[in-house]
Asker: 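This is the structure I want to talk about, given as structure tokens.
Numbering of ligands and ligand atoms starts at 1, following listing order. Keep in mind that the numbers below use all heavy atoms, side chains included, and drop hydrogens, waters and symmetry copies.
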Amino acid sequence: MAFQVLRFVHCIICICLLPTWVPTSAERSFSIDYNGDCFLKDGEPFRYVSGSIHYSRVPQPYWKDRLMKMYMAGLNTIQTYVPWNFHEKSPGIYNFTGDHSLSSFLQLAGDVGLLVILRPGPYICAEWDMGGLPHWLLKNSSIALRTSDEGYMMAVQRWMGVLLPVVKPFLYQNGGPIITVQVENEYGSYFACDHSYMRSLVQLFRLHLGPDVVLFTTDGAGASYLKCGTIQGAYATVDFGPGVNVSSAFAVQRSVEPHGPRVNSEYYTGWLDHWGVSHSTIPKGVVAQGLDQILDLGANVNMYMFEGGTNFGYWNGANQPFSPQPTSYDYDAPLSEAGDPTDKYHLLRSTIGKYLKLPQGPILPATPKFAYGYVILKTKVSLLDALDVLSPYYRHSPFPLTFEQMNQGHGFLLYSTRFPHAYPNGTLLTSPFDGIHDRAYVMVNGVTQGILERYSSGTLKVSGPLDTRLDLLVENMGRINYGNHLNDFKGLTSNLTLGMNVIKNWTMYILDLDSAVASGLIGLEKHITTFRATFSPTFYFGSFTIPEEIPYLPMDSFLKFTGWTKGQVWLNGFNLGRYWPVKGPQETLFVPASLLATKVANNITLLELEGAKCSTIMKQGTDCSVELVDRPILNGPV
Ligand SMILES: *[C@@H]1O[C@H](CO)[C@@H](O)[C@H](O)[C@H]1NC(C)=O
Ligand SMILES: *[C@@H]1O[C@H](CO)[C@@H](O)[C@H](O)[C@H]1NC(C)=O
Ligand SMILES: *[C@@H]1O[C@H](CO)[C@@H](O)[C@H](O)[C@H]1NC(C)=O
Ligand SMILES: *[C@@H]1O[C@H](CO)[C@@H](O)[C@H](O)[C@H]1NC(C)=O
Ligand SMILES: *[C@@H]1O[C@H](CO)[C@@H](O)[C@H](O)[C@H]1NC(C)=O
Ligand SMILES: *[C@@H]1O[C@H](CO)[C@@H](O)[C@H](O)[C@H]1NC(C)=O
Ligand SMILES: *[C@@H]1O[C@H](CO)[C@@H](O)[C@H](O)[C@H]1NC(C)=O
């Protein structure tokens with residue numbers, strides 16, 4: 001025990017024994033002690049052991065549960081990003097209520113007994129659509145993101161002018177839980193290296209948050225990253241995962257911050273996934289060993305992620321070369337996607353216990369799960385047949401317009417045209433400039449011909465007489481969130497050719513599927529088809545009731561898509577995300593109990609894009625189904 005206590009006070013004994021200034025009990029302060037190489041909280045040496053959780057990836061009714069579990073793990077601090085595009089979906093229109101209530105989340109964290117490290121961006125990476133930047137910034141296609149570009153900075157200033165006043169009362173100095181605030185994110189990994197941009201951000205943060213808050217930057221633990229990522233007025237920290245030589249990594253931080261606390265702002269407990277790539281994991285022992293080394297040095301650490309959560313809706317990002325992330329953001333973190341303590345949780349807790357006093361009391365158990373079983377999905381409506389219900393707006397244009405030009409952020413946009421003359425069998429439909437962003441379901445007279453994809457030089461053979469209808473349902477699979485190509489326009493980003501001709505005269509249909517589904521798809525009944533000889537993207541509906549006689553329901557569950565190919569799924573109007581079991585590795589989608597109803601039927605809406613096993617059986621009345629199971633499958637075959 002004595003040994004452990006000694007290790008705990010490592011940073012403290014050497015240096016911070018005599019704080020030069022002792023606050024009165026009423027004063028709250030949080031600062032950096034450059035002489036003592038540590039943080040000072042209320043004038044006392046302080047070291048944080050933190051974990052990342054993104055409120056935008058956890059349903060609000062579960063925030064408290066996850067925060068309590070993080071507290072019980074021995075953490076004294078949490079870290080969260082603020083995704084700009086989650087709060088400002090259209091320019092000047094803000095949402096800070098419900099799942100978007102940042103202030104409730106901060107309040108809750110403080111109430112639970114946790115301090116907060118806030119990372120408000122404006123860019124956050126986070127495997128989140130466009131790294132948190134709003135798609136509407138791309139309305140000006142020449143905008144230079146993450147630089148001093150005038151248009152970009154005007155939008156940033158307006159956003160920070162709304163966000164930072166929400167944050168300010170929650171600063172530690174003002175009685176709240178926020179101890180430090182990060183400026184930008186891993187800016188040293190971005191090509192622009194615009195120091196005046198970073199300087200303006202520091203000024204902007206100071207303007208709104210005052211002179212006392214500790215600002216910091218985070219970059220990879222390599223000298224080249226720190227060159228462009230650090231800025232005067234913000235304390236430089238590094239990030240690195242298990243398996244890295246901890247003392248060498250901190251030596252890199254020391255090269256720019258010779259004094260002050262050692263900080264790893266992102267210590268990776270696991271890793272992200274991509275569709276079509278095996279599920280990533282990091283063994284718990286490896287994570288615990290690295291954590292032990294970091295804590296043994298007296299350093300501060302944030303574990304990224306401690307609770308990963310879910311990319312609901314269309315919020316996943318993508319990496320380059322284009323490779324989108326799946327719906328689950330489980331991350332192989334100590335708390336699972338569904339918030340359950342794993343073996344890794346218990347091991348990391350005991351590692352933390354060597355250095356910090358663990359809180360008393362029982363650890364919250366896993367939330368119970370329930371296998372509600374099969375749900376028959378019956379009614380079918382082809383998307384093309386229901387444009388009057390699904391599309392609030394269309395526009396003609398000689399050449400294709402992007403999602404951004406059409407003011408549509410996410411999901412799907414339909415591009416429609418007609419053959420200007422007859423095309424013989426075998427005419428090639430091509431996108432010579434790789435302009436399919438990201439996946440197009442191609443239909444001729446309503447019959448699927450195949451798929452054109454980004455980065456594939458694929459072509460399709462089509463044919464038909466004059467005036468034949470050609471439709472491309474183009475899916476935005478998530479905008480690039482990291483690297484030099486954040487300006488990731490969606491839709492048809494260049495002309496298509498048919499045979500030798502550039503296709504002209506398009507009609508673009510905005511598809512507001514979320515609103516249409518949430519409002520019950522009124523008017524869709526008249527389009528219901530019980531029989532179709534060929535498949536095109538189709539909605540399926542089904543409902544299930546939760547048995548009243550079983551106590552403690554509703555419980556969390558997972559939707560399993562055996563026999564389905566690819567699509568989007570909604571539960572009671574809430575967009576649960578993308579499913580793509582044939583691509584893997586994710587085979588089930590998390591269904592939080594908070595979305596389930598017990599008094600009325602629960603409604604499942606599926607948009608299947610490529611065809612399900614049941615839909616290819618050309619027999620009238622064939623049933624399709626999904627299954628609600630009680631455990632996730634995130635590591636399926638790819
Ligand atoms: C804000 O988001 C919540 C969901 O978190 C939603 O219920 C609400 O309608 C949204 N408010 C506005 C004004 O869009
Ligand atoms: C678009 O951005 C560019 C680059 O900053 C700028 O020169 C131009 O004036 C902007 N256009 C509009 C219409 O704002
Ligand atoms: C880590 O790097 C330091 C030099 O920074 C070196 O002295 C030490 O041996 C290395 N540790 C391991 C385990 O490789
Ligand atoms: C085009 O292909 C269809 C079906 O494969 C065939 O029936 C038709 O005869 C072909 N037309 C020509 C002009 O080759
Ligand atoms: C499509 O082609 C036309 C005519 O060549 C050209 O003016 C237009 O810029 C092209 N559009 C795109 C998005 O490349
Ligand atoms: C363009 O398409 C619209 C709608 O399909 C049609 O009414 C119009 O005649 C077409 N124009 C040309 C020049 O083909
Ligand atoms: C499901 O749909 C039915 C029929 O439209 C409706 O009565 C019910 O309230 C819906 N359930 C939920 C939870 O919204």
Side-chain angles (χ1 to χ4, degrees), residues 59 61 91-92 122 133-158 192 194 196-197 200 221-223 238 240-255 258 262 264 285-286 289-294 296-297 299 372 375-379 381 389 402 404-405 407 486-487 489 514-526 528 539-548 553-555 557 559 569-576 591-606 626 628:
L133 299 176
H135 65 87
W136 46 259
L137 291 172
L138 299 176
K139 275 294 270 191
N140 181 346
S141 59
S142 349
I143 195 167
L145 301 170
R146 303 177 71 192
T147 71
S148 310
D149 179 282
E150 201 181 328
Y152 173 73
M153 274 316 286
M154 264 167 57
V156 168
Q157 279 159 5
R158 187 181 60 191
D194 180 348
S196 65
Y197 163 58
S200 328
V238 290
F240 58 88
V244 168
N245 182 323
V246 172
S247 32
S248 320
F250 282 127
V252 175
Q253 188 198 359
R254 276 280 171 263
S255 69
R262 271 166 292 205
N264 182 352
V286 176
Q289 193 187 7
L291 178 66
D292 199 22
Q293 288 168 8
I294 292 170
D296 190 42
L297 281 176
Y372 299 98
V375 180
I376 305 291
L377 302 184
K378 263 203 160 100
T379 335
V381 178
V389 177
T402 61
E404 292 75 19
Q405 287 166 320
N407 292 321
L486 295 174
N487 46 352
F489 300 93
D514 292 83
S515 301
V517 172
S519 60
L521 291 164
I522 293 155
L524 217 61
E525 315 80 38
K526 64 179 182 286
I528 287 169
F539 284 96
Y540 293 78
F541 310 95
S543 61
F544 66 102
T545 48
I546 290 181
E548 257 184 57
L553 292 181
M555 295 179 197
S557 193
L559 254 181
V569 63
W570 292 261
L571 176 75
N572 295 331
F574 181 87
N575 190 335
L576 284 177
V591 176
S594 53
L595 294 175
L596 294 170
T598 46
K599 296 269 185 286
V600 294
N602 292 285
N603 302 310
I604 294 181
T605 308
L606 222 85
V626 287
L628 286 150

Asker: Which pairs count as side chain to side chain donor-acceptor pair (under 3.5 Å) when at least one residue sits in residues 240-250, sequence neighbours excluded?
Answerer: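 For residues 240-250: Asn245-Ser247, Asn245-Ser248.
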Asker: For ligand 2, which atoms, with element, lie under 4.0 Å from some heavy atom of Ser142?
Answerer: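 Checking each atom against Ser142, I get 4 (C).
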Asker: Report, in ascending order of atom number, the atoms of ligand 7 lying under 4.0 Å from any heavy atom of Ala597.
Answerer: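 Going through ligand 7 atom by atom, the ones under 4.0 Å from Ala597 are 13 (C).
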Asker: Decide whether an N or O pair under 3.5 Å exists between Asn603 and ligand 7.
Answerer: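 In this structure, Asn603 places an N or O atom under 3.5 Å from an N or O of ligand 7.
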Asker: Sequence neighbours excluded, which residues qualify as side-chain hydrogen bond (donor to acceptor under 3.5 Å, both in side chains) partners of Ser196?
Answerer: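 For Ser196, the residues satisfying side-chain hydrogen bond (donor to acceptor under 3.5 Å, both in side chains) (neighbours in sequence not counted) are Ser148, Asp194.
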Asker: Check whether the side chains of Trp570 and Asp514 place a donor and an acceptor atom closer than 3.5 Å, and report yes or no.
Answerer: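 Yes, a side-chain donor-acceptor pair sits under 3.5 Å.
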Asker: Against heavy atoms of Ala601, which atoms of ligand 7 measure under 4.0 Å?
Answerer: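 Listed by number with element: 1 (C), 10 (C), 11 (N), 12 (C), 13 (C).
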Asker: Identify the residue among Val591, Asn572, Ile376, Leu559 that makes a side-chain contact (heavy atoms from CB on, under 4.5 Å) with Ile604.
Answerer: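 Of Val591, Asn572, Ile376, Leu559, side-chain contact (heavy atoms from CB on, under 4.5 Å) with Ile604 is met by Leu559 alone.
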Asker: Pull out every atom of ligand 2 sitting under 4.0 Å from any heavy atom of Asp149, numbered as shown with elements.
Answerer: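 Those of ligand 2 that fall under 4.0 Å from Asp149 are 4 (C), 5 (O).
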Asker: Can you tell if the side chain of Tyr372 reaches within under 4.5 Å of the side chain of Leu553, non-hydrogen atoms only?
Answerer: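 A side-chain contact under 4.5 Å exists here.
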Asker: With side chains defined as the heavy atoms from C-beta onward, is the minimum distance between Tyr152 and Arg146 less than 4.5 Å?
Answerer: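 They are in contact (side-chain heavy atoms under 4.5 Å apart), so the answer is yes.
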Asker: Flag the pair Phe574 / Pro59 as yes when at least one side-chain heavy-atom distance between them is below 4.5 Å, and no otherwise.
Answerer: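 Heavy-atom side-chain distance check fails, nothing below 4.5 Å.
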Asker: Who are the residue neighbours of ligand 3 when the rule is a heavy atom under 4.0 Å from any of its atoms?
Answerer: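 The answer is Asn245, Ser247, Ser248, counting any residue whose heavy atom sits under 4.0 Å from ligand 3.
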Asker: Just jot down the side-chain hydrogen bond (donor to acceptor under 3.5 Å, both in side chains) partners of Gln293, sequence neighbours excluded, or say none.
Answerer: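 Applying side-chain hydrogen bond (donor to acceptor under 3.5 Å, both in side chains) to Gln293 gives none.
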